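Below is one structure; the comments refer to it alone.
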Amino acid sequence: RPISTITYWPQNSNCLLTGSFDGQVYVWDVRTASSKTPAILTTTLSTPLSIRHIQWPSHKSAEQMSNGYQLAVQCDRCIRIYDMRRPDAYVSSIEHTHRILNMDWTMQNPSIVTLSIDNSLRIFSINGQLLAQSASNEYLPFSLSKVYTQKQQKKSLHRIYSFGFL
């Protein structure tokens with residue numbers, strides 16, 4: 001199947017991760033890769049679900065959790081958190097009632113912000129507990145498509161930005 005998402009591992013810049021719609025995440029060692037030699041496959045992570053996005057925590061969050069070995073894998077209606085030191089099983093699962101469009105790790109606390117197709121934003125702890133959510137915005141004349149977090153300069157709060165198109 002084709003690759004649906006790709007990212008570098010912040011803890012090891014020699015590792016590249018790919019995710020695909022057949023539910024596979026591959027970790028590649030690119031140190032010896034060239035036009036004649038392919039990258040070396042080092043780890044495989046499998047889910048029964050199509051992978052839409054994979055994301056590492058922000059630098060600040062990574063310091064608070066397992067030294068940055070946790071990876072969020074976005075599927076259709078769930079996000080699974082994996083510890084890459086033990087990729088054979090997920091650590092926790094975050095479930096939605098509607099398809100998830102986008103996600104991001106918060107900057108300070110080890111938690112994840114999600115955006116669903118019903119235009120609702122939700123914040124979950126990494127063990128799947130719902131911490132906060134917006135009201136469902138199914139009847140808005142636009143649709144949200146992206147979410148990311150940014151630390152405010154003078155306060156320890158988070159601003160959540162979202163973009164949409166008519």
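Reckoned from all heavy atoms, side chains included, excluding hydrogens, waters and symmetry mates. Since the model is a prediction, treat every value here as computed from it, not as a measurement. Heads up: numbering here begins at 1 and tracks the sequence.
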Indicate every side-chain donor-acceptor pair of residues 74-82 with a distance under 3.5 Å to a residue at least two apart or in another chain.
from: Q74; atom 1: NE2; to: I100; atom 2: O; distance (Å): 2.9
from: R77; atom 1: NH1; to: T97; atom 2: O; distance (Å): 3.2

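For the pair L41/V27, no side-chain contact is recorded, criterion being any heavy-atom separation below 4.5 Å from C-beta on. Between L17 and I6 the shortest side-chain heavy-atom distance does not fall below 4.5 Å. Put simply, the side chain of I51 does not reach to within 4.5 Å of the side chain of Q24, judged on heavy atoms. Using a 4.5 Å cut-off on side-chain heavy atoms (C-beta onward), M84 and Q70 make no contact. Looking at heavy atoms from C-beta onward, Q133 lies out of side-chain contact with F124 at the 4.5 angstrom threshold. Looking only at side-chain heavy atoms (C-beta outward), T106 and I112 stay at 4.5 Å or farther from each other. Counting heavy atoms from C-beta outward, L71 and I54 have side chains that approach closer than 4.5 Å.
Both V25 and Y90 are assigned to one and the same hydrophobic cluster, defined by single-linkage of ILVMFWY side chains at heavy-atom distances under 4.5 Å. Under a hydrophobic clustering in which Ile, Leu, Val, Met, Phe, Trp and Tyr are joined whenever their side-chain heavy atoms come within less than 4.5 Å, directly or via other members, W9 and L16 fall into different clusters.
Under the ring pair (Phe, Tyr, Trp, His ring centres under 6.0 Å) criterion, Y26 pairs with W28, sequence neighbours left out. Partners of S34 under the side-chain contact (heavy atoms from CB on, under 4.5 Å) rule, at least two apart in sequence or in another chain, are K36, T37. In terms of the side-chain contact (heavy atoms from CB on, under 4.5 Å) criterion, residue partners of R31 (sequence neighbours excluded) are, by chain and number, N14, D29. Residues meeting the side-chain contact (heavy atoms from CB on, under 4.5 Å) test with L131, sequence neighbours left out: S111, I123, S125, Q129. In this structure T7 satisfies the side-chain hydrogen bond (donor to acceptor under 3.5 Å, both in side chains) test with no other residue, sequence neighbours excluded.
Here the NE2 atom belonging to H53 is positioned 7.5 Å from the CG atom belonging to D104, to the nearest 0.5 angstrom. Here the CG-CD1 distance, from N102 to I117, works out to 13.0 Å after rounding to the nearest 0.5 Å. The OG atom of S120 lies 7.5 Å from the CG atom of L115; values are rounded to the nearest 0.5 Å. A distance of 8.5 Å separates CG in L130 from NE2 in H96, rounded to the nearest 0.5 Å.
Across all their heavy atoms, V30 and A39 have their closest contact at CG1-CB, 4.0 Å. Of all non-hydrogen atoms in S116 and R99, the two that sit nearest each other are OG-O, 3.2 Å.
In this structure, W56 has its ring center no closer than 6.0 Å to that of W105.
With S20 contributing its side chain and I3 its backbone, the two residues share no donor-acceptor pair below 3.5 Å.
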